[in-house]
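Remember, it's a predicted structure, so these values are computed and weren't measured experimentally. To find a chain, count down the sequence lines: A is the first, B the second, and so on, and within it residues start at 1.
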Amino acid sequence: MEGEGKEAADEMSFEEAMKRLETIAEMLGEGKLSLEDSLKIFEEGMGLCKFCNKALDEAEYKVEKLMEKESGEIGVEEFKEEE
Amino acid sequence: MKKQNVTLTNFLHLKKAEEEQAGEGSKRAAAVITKNNEETKKREAPHIYTIYEITRYIRHKLDKDDLLRDVHVKGEISNLSQPTSGHLYFTLKDESSELRCVMFRDKCAQLKFNLEDGMSVIVRGRISVYEKKGTYQLYAKEIQETGIGALYLAFEQLKKKLKREGLFDVAHKKPIPAFPRTVGIITSPTGAVIRDLLNVTRRRYPHVHLLLAPVVVQGGQAPSEIVNAVQLLNRANKELETIDVLVLGRGGGSIEELWAFNEEAVARAIFSSEIPVISAVGHETDFTIADFVADKRAATPSEAAELVVPDRREIERNLHSLELRIRQNLFNVVEVHRQRLESIEKSVLFRKPTERINQYRQTVDELKRNIYAEITHQVELHRSSLQAYIGKLDALSPLAILKRGYSICSRLDGTVIRTIDNISVGDALKVLLTDGEAISEVKEKKRK
């Protein structure tokens, strides 16, 4: 159900990705890097942008109810709003 | 009770025993009553008492009563006043009756809170008569708050205690993640709070997983349910999936209704939570202990939702501008490198590689010329000083002397004759002149 998007997100959270993007923008802005390194982090930045966009597109809104089963296990079921 | 059945006559007997301690007034009263009593017995006619006498009697009756000596009376404070004397006067009342109360200054000093009209209290003290007014009143010794007051007191006490323990310290506050993926919610599954939370999150950030741990938010079960929910979500965080933040919510209400959030167990559960907790209890003005312990306080459940999930449009704008910035910055970097390359290409060395060599060659030539000139100069210098020396030598040369008319006389082998003793008559001598030589013979020698 979670798919690949979730796995990729596990390596780096959306938050971390956004932070890294900030850093990359700044590093490129300073212009102290060699062209080769600049290109390298640019590639990384574009990858992260893609990752973030994908994360935004793929994440689904889900409301669930958490409960403890009699066995002590934690169970989850869909939560339906009552009127 | 025997004491309660004291008759006026008995009272007089009792009074006698007390007369030693009694003041002038009571002595007189006792005396009067004794006299009157005797008269009554004598004449068997109704006796007329003074107000003072009867008031004294009533006071004594009340003072002797065990129950009235130490009573707790519940009621609401009204007509509160505290004149400069420092004593507190008020009326304790409920739906059906009223009771005048006084609390003397020394007892007032022990009160831990200020009395206010309308406050529900339990007053402890004795009931006696204020003779001058002929009224009975409650002489208060202790006052306890009941209802809201007691809760308020408990709130203040717990707040003080937990603060002292450091549960509110900023150092313990965990940061709230900016982009949570899973949000745990502890609140009632019905009602406005969950509806607000769902609406706001859905509108702002429809990419979040909400995990509700339903609880009752008021009543006796509420504290333990809330504690369990906090612990359950923390377990789920480990066993099920990462939960980034918890929202503990409840709508506005009276202090009694919000009380679960002022329970110590709830406070400690929040403090122990590994997941950061946002409290959203009541309205803007309602502060609960939970608010102080939580990592962040939201004034309302809607604000909690805004705190906990970012606005999707904002994120997208952010992401978009970051991408633009990165592209622009890379373009700049490439541009800088291109310009540097171009300026290198434009440089002389790259345009005419032999130019530099020629320049060196020219320099070498110039140096060569310089060295040659220097050497010539040195040679000239030496030549002229040599000339000078030759001149000097010339002047000293014997040949030069011959020029001036001197001649040198020597033997034929060239040995110069320096003294007359070296020659004998008949010797052949060579005479050297400036422009030739003559061989001559010594004919005679004369010593000077």
Side-chain angles (χ1 to χ4, degrees), chain A residues 2 6 9-10 13-46 48-53 55-68 72-83, chain B residues 177-186 189-191 194-195 197-198 201-202 205-214 228-229 231-233 235-236 238-244 310 312 315-316 318-338 340-341:
Chain A
E2 297 293 346
K6 167 92 166 113
D10 275 343
S13 72
F14 186 84
E15 197 172 0
E16 284 164 342
M18 288 292 277
K19 266 192 196 144
R20 179 68 186 151
L21 278 172
E22 283 278 354
T23 314
I24 287 174
E26 260 167 48
M27 283 165 81
L28 283 174
E30 282 172 3
K32 286 179 183 161
L33 292 175
S34 70
L35 186 61
E36 202 181 2
D37 287 344
S38 296
L39 284 168
K40 216 179 277 171
I41 62 165
F42 172 76
E43 288 291 332
E44 187 192 342
M46 290 302 105
L48 287 172
C49 283
K50 213 167 136 189
F51 162 73
C52 287
N53 276 316
L56 281 177
D57 290 340
E58 280 186 353
E60 54 176 327
Y61 186 73
K62 197 168 59 171
V63 183
E64 285 175 320
K65 200 164 78 180
L66 188 69
M67 60 211 162
E68 194 170 3
E73 272 177 271
I74 297 175
V76 166
E77 69 178 35
E78 197 189 341
F79 174 70
K80 285 213 168 64
E81 248 181 290
E82 293 162 37
E83 286 308 314
Chain B
F179 306 103
R181 264 182 295 156
T182 303
V183 177
I185 297 174
I186 302 168
T190 57
I194 186 70
R195 202 164 51 236
L197 279 169
L198 293 183
T201 50
R202 198 180 286 136
Y205 190 71
H207 310 290
V208 74
H209 180 195
L210 300 178
L211 212 48
L212 173 70
N228 286 341
Q231 288 166 353
L232 186 65
L233 281 160
R235 251 185 74 198
K238 288 204 181 95
E239 297 171 17
L240 209 64
E241 64 173 289
T242 306
I243 299 172
D244 302 292
R312 181 195 165 122
I315 296 174
E316 281 173 341
N318 233 328
L319 188 60
H320 187 64
S321 83
L322 267 173
E323 188 174 340
L324 272 182
R325 239 176 92 197
I326 289 173
R327 284 183 187 281
Q328 183 59 45
N329 286 346
L330 182 80
F331 178 77
N332 291 345
V333 168
V334 170
E335 222 18 58
V336 165
H337 280 88
R338 189 199 308 288
R340 202 180 296 164
L341 181 65

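Under the 4.5 Å side-chain criterion, counting only non-hydrogen atoms from C-beta, H337(B) is not in contact with E36(A). Residues L210(B) and Y61(A) have side chains in contact (heavy-atom distance under 4.5 Å, counting atoms from C-beta outward).
Taking CD of E43(A) as the start and CG of L330(B) as the end, the distance is 9.0 Å to the nearest 0.5 Å. Atoms CG and CD1, from L66(A) and I243(B) in turn, are 6.5 Å apart once rounded to the nearest 0.5 Å. In this structure, CE in M67(A) is found 11.0 Å from CG in L212(B), a value given to the nearest 0.5 Å. Atom CD in E26(A) sits 6.0 Å away from atom CZ in R325(B) (nearest 0.5 Å).
Both the backbone and the side chain of L232(B) have a heavy atom closer than 4.5 Å to some heavy atom of chain A. For L39(A), the parts sitting under 4.5 Å from any heavy atom of chain B are the backbone and the side chain alike. Proximity to chain A (any heavy atom under 4.5 Å) is shown, for L198(B), by both the backbone and the side chain. Only the side chain of L240(B) has a heavy atom closer than 4.5 Å to any heavy atom of chain A. Using a 4.5 Å cut-off between heavy atoms, M27(A) makes no contact with chain B at all. Contact of V334(B) with chain A is made through backbone and side chain together, with heavy-atom distances under 4.5 Å.
Nearest heavy atoms, L322(B) versus A25(A): CD2-CB, 4.1 Å. For the residue pair V333(B) and S38(A), the shortest heavy atom distance occurs at CG1-OG, 3.3 Å. G45(A) and I326(B) make their closest contact through CA-CD1, 4.4 Å (heavy atoms, listed as atom of the first residue, atom of the second, distance).
The environment of CD in E73(A) is sparse: at most 12 heavy-atom neighbours from other residues, nucleotides or ligands sit within 6.0 Å.
Taking 4.0 Å as the cut-off between side-chain N and carboxylate O, E323(B) and K50(A) do not count as a salt-bridged pair.
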